[in-house]
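Report on the structure given below.
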Amino acid sequence: MPKKPIFSLNISDFGMDIDDCGDPLVVFDLFVSTTSIVYKTELDYYLEENVLPRTGDFDILAWWKANGLKYPTLQRVVRDVLANLCLQLLLNQLLVSVEDMSLLIVPVSDTDFSTRTRRGFSGARAGMDMWIGGRGLGRETKLLFSICGIMVGSEALPSPRQHGVTKPLSLAGPSDADLLRTKKLNKFLVDAGLYESKEEAAKRVEVLGRIKQIVVDWVKQLTGLRGYTDQMVEDANAVIFTFGSYRLGVHGPGADIDTLCVGPSYVNRDDFFFVLHDMLSGMEEVTELQPVPDAHVPVMKFKFDGICIDLLYASISLLVVPDDLDISDDSVLYDVDEPTVRSLNGCRVADQILKLVPNVEHFRTTLRCLKFWAKKRGVYSNVTGFLGGVNWALLVARVCQFYPNAIPSMLVSRFFRVYTQWRWPNPVMLCSIQQQELGFAVWDPRKNPKDRTHHMPIITPAYPCMNSSYNVSTSTLRVMTEQFLFANTICEEIELNKAQWHALFEPYMFFESYKNYLQVDIVAGDCDDLRAWKGWVESRLRQLTLMIERDTMGKLQCHPYPHEYSDPSKQCSHSAFFMGLQRKQGEVVLEGQQFDIRGTVDEFRHSVNMYVFWRPGMEIYVSHVRRKQIPLYVFPEGCRIPRSNIIHPSSEEEASRKRKLQGTGNGIKQDSLPKRQSVSPRNRDSDSVSPVIVNHSCAEEGKRNVFEVQPKGLELVVSSRPVVELEQGTVIRLGVTSTA
């Protein structure tokens, strides 16, 4: 059966076109989708823009070229109109009189035109393509050229290969300056230590080979125990696949290896988490073994001879798994459950990404660069609600499709240019979503109401296509958008030779960006318990962020920071996470308005207490701290950075950046920008929440603690009993007051 796309994405509006599938209820589906979510058209956005003053030096071609990402459909319309005008001017230059124009409506052959005429029209067409987007002439303009009989050699010109669901935004290649910037970028990445040594690479290959032998022995052992013949035992096999950064070729020193074990149908997931787990736990090379069977994608984490391994398992409907199994074939999904599909799709998605990008090496260098940037800026964490490795890979791959001839320095710059203008929640897709007859649900907001709630859809290219970024919330999308905007400004300065690459990768100074924070301390009896307990609590922190913003109607915004910290002075095993707090920008706070989040904390407590592997000593403490009370162990070398040494972007630069984003986009001249002295984040002091300690009593029955937000003048305040050290004072233990 041929694959039939559910819908296709048209880059002209970054939206979806609904195809008639022959379903009599398709009109109802269309009604639901169009009445549930209202999307503005390009024309709506265009008409909302301020009218530009008429000046003598206004360049309409440059304006439309700069704003093509914002208005791609309108850009093509304008291109065709201007092409018609160029055609008229060209005809006038060729001394074609007005009376003779009527003759041109009669189809004529190529031989009726002189070589000069044919070259003239070809030049006009090429010139318009070069000036406006390089996407080829529209249907109306092509018709006009056809009527005039001047489609000279157009069929002989090979059309460029289309990567992805739309045509490229530009086919431009690198200039000499781009080549030089790419050379400097590559040197920076090498100097930053992002490439592993040959010795470590060889050790990884060796470890994967040993794991392969272990799982084969495991399957053979189970085959014999279950009464299969000696021949079946001899043929029994399991295959190891890699995915993630290792499969994509962008892993760095010390990175873990995402691996998948594919076994036969009679070896199930329980065998994996019990029998294989026991085998691994008895091996000297295996340390820090941690099974996570209840995860969205069940996984077993461990270190093998010092190499971090995340091992997944998939049992497919074959009695014997061949070594040359093609995991990209949809037949491997036959008669398997949803967790198995999710386990298999990691490898299938990685393979598809490498097939769908124009240049694999340029993709890898760009992805390595963007992952390093995301970690430095605190937006690399899927579990916290930001983006993980596969999300960044899909975003980079889409930009590579938009600019197939670009090299890494160009792709990095265009990455931020594209995603600062992307209109979420319109999805990012590398290929059309395909529907199979295997019955698995695919991402489709027309049919699935839950899919309509996704804030930043990034769709995987392998069946069944899913949203890989469902964890992104309003808060984390806001933070990432701010970081994209800031990075776009830096890249523009790099292109103007006003900054170097290291400026793009300056660490985000999280503890200088807010006045108030939530501190979540996690303790356990030993390191093994802490590893398991911390993983569970970290997976629930995203829910705490959503709960707070839900219960405060979005007026109190949280910024979860994905980095973890540990206090070495504590006797117990300890880990800490932090969230920045701020009032929603532009929000008017009424006198006496309160935001009581006691119920929010209780709900979070119940969520965390669902951990089925809880052991004595596993505790969690939530407290409010001011910026000046941030513990010293979070700072490099345990020293707080004096605020006098922190240089934030000037107000003039910030205003200039906003004018560019709201005005003529990337086409604005930047000569007026002052030289940037630092890449410190924008200070949020004016919007941050100001703390106040409110005296409160804890009822004997239930010991519920008051933990609320209330205004003080025009500022929001968080009431709790703030502490800095667990050994001092009173802390809030999930809504229960206790003395640490």
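This is a predicted model, so every value here is computed, not measured.
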**Message:** Please determine whether ring pair (Phe, Tyr, Trp, His ring centres under 6.0 Å) holds for the pair Tyr561 and Tyr517, giving the CA-CA distance in whole Å, both sets of side-chain angles, and the decisive distance to 0.1 Å.
**Reply:** CA-CA 10 Å; Tyr561 199 52; Tyr517 300 84; 9.2 Å; no
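- Side chain of Asp178 to backbone of Met410: no donor-acceptor contact under 3.5 angstrom is found.
- At a threshold of 4.5 Å between non-hydrogen side-chain atoms, the residues Pro457 and Met429 do not count as touching.
- If you check the side chains of Ser469 and Asn467, you find a donor sitting under 3.5 Å from an acceptor.
- With rounding to the nearest 0.5 angstrom, the OG1 atom of Thr545 is 11.5 Å from the CD atom of Gln557.
- In Asp191, the CG atom is crowded: over 12 heavy atoms of neighbouring residues, nucleotides or ligands sit closer than 6.0 Å.
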**Asked** When you look at Trp392 and Phe372, which way does the ring pair (Phe, Tyr, Trp, His ring centres under 6.0 Å) test go after all the steps?
**Response** CA-CA 11 Å; Trp392 291 106; Phe372 184 55; over 10 Å; no
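- Here NE2 of His362 is found 10.0 Å from CG of Asn405. Values are rounded to the nearest 0.5 Å.
- Put simply, the side chain of Leu504 reaches to within 4.5 Å of the side chain of Val412, judged on heavy atoms.
- With hydrogens and angles ignored, the 3.5 Å screen pairs a side-chain donor or acceptor of Glu549 with a backbone N or O of Cys558.
- Between the side chain of Thr476 and the backbone N or O of Val472, no donor-acceptor pair lies under 3.5 Å.
- At a threshold of 4.0 Å, the pair Arg247-Asp351 counts as salt-bridged, since one of the basic side-chain nitrogens sits closer than that to a carboxylate oxygen.
- If you take NE2 on His455 and CZ on Arg478, they are separated by 12.5 Å, rounding to the nearest 0.5 Å.
- Side chain to side chain, Arg398 and Thr166 meet the donor-acceptor criterion of an N or O pair below 3.5 Å.
- Annotation: side chain of Ser328 is in contact with side chain of Lys355 (closest heavy-atom distance under 4.5 Å).
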**Asked** Does the pair Val634 and Phe510 meet the rule for a side chain to side chain contact (heavy atoms under 4.5 Å, CB included), with working shown?
**Response** CA-CA 10 Å; Val634 307; Phe510 175 73; over 6 Å; no
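- The backbone N or O of Ser409 lies less than 3.5 Å from no partner atom in the side chain of Ser413, so there is not a single donor-acceptor pair.
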**Message:** Run Leu387 and Tyr380 through side chain to side chain contact (heavy atoms under 4.5 Å, CB included) and show every step you take.
**Reply:** CA-CA 5 Å; Leu387 301 181; Tyr380 188 94; over 6 Å; no
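- Glu196 has its side chain within reach of His251: a pair of non-hydrogen atoms, C-beta onward, lies under 4.5 Å apart.
- Without hydrogens or angle criteria, Trp422 side chain to Asn426 main chain gives a donor-acceptor distance under 3.5 Å.
- By the 4.5 Å heavy-atom criterion applied to side chains, Leu356 and Cys431 are counted as neighbours.
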**Request:** List the steps and the verdict of side chain to side chain contact (heavy atoms under 4.5 Å, CB included) for Trp424 and Leu477.
**Result:** CA-CA 9 Å; Trp424 306 107; Leu477 177 58; 4.1 Å; yes
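- In this structure, the side chain of Thr453 does not engage the main chain of Pro449 through any donor-acceptor pair within 3.5 Å.
- With contacts defined as side-chain heavy-atom distances shorter than 4.5 Å, the pair Ile459/Cys465 qualifies.
- With ring centers used as reference points, Phe416 lies 6.0 Å or more from Phe486.
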**Asked** Can you list the steps and then say if Tyr508 with Lys376 is a side chain to side chain contact (heavy atoms under 4.5 Å, CB included)?
**Response** CA-CA 6 Å; Tyr508 176 54; Lys376 286 288 187 179; over 6 Å; no
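- Under the 30°/60° scheme for interplanar angles, the aromatic rings of His559 and Tyr514 are found to stand perpendicular.
- The aromatic rings of His563 and Tyr565 lie tilted to each other, with the angle between the two planes from 30° to 60°.
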**Request:** Go through Phe578 and Phe511 one step at a time and tell me if the ring pair (Phe, Tyr, Trp, His ring centres under 6.0 Å) criterion holds.
**Result:** CA-CA 9 Å; Phe578 292 84; Phe511 294 107; 5.2 Å; yes
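- In summary, of the residues considered (Thr365, Leu367, Asn359, Thr366), a side chain to side chain contact (heavy atoms under 4.5 Å, CB included) with Phe363 occurs for Leu367 alone.
- Between Tyr419 and Phe484, the two ring planes are tilted [angle within 30° to 60°].
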**Item:** salt bridge (charged side-chain N to carboxylate O under 4.0 Å, His left out) between Glu495 and Arg417, intermediate numbers included
**Value:** CA-CA 13 Å; Glu495 290 182 339; Arg417 186 183 305 173; 3.8 Å; yes
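- Figure legend: cation-pi geometry between Arg368 and Tyr195, with NZ or CZ positioned under 6.0 Å from the six-membered ring centre and within 45° of its axis.
- In this structure the side chain of Asn345 reaches within 4.5 angstrom of the side chain of Met466, judged on heavy atoms.
- Contact of the Arg542 side chain with the Thr384 side chain is not registered, since no non-hydrogen atoms from C-beta on lie closer than 4.5 Å.
- Exactly one of Val349, Asn382, Asn391, Val428 qualifies for a side chain to side chain contact (heavy atoms under 4.5 Å, CB included) with Ser468. That residue is Asn391.
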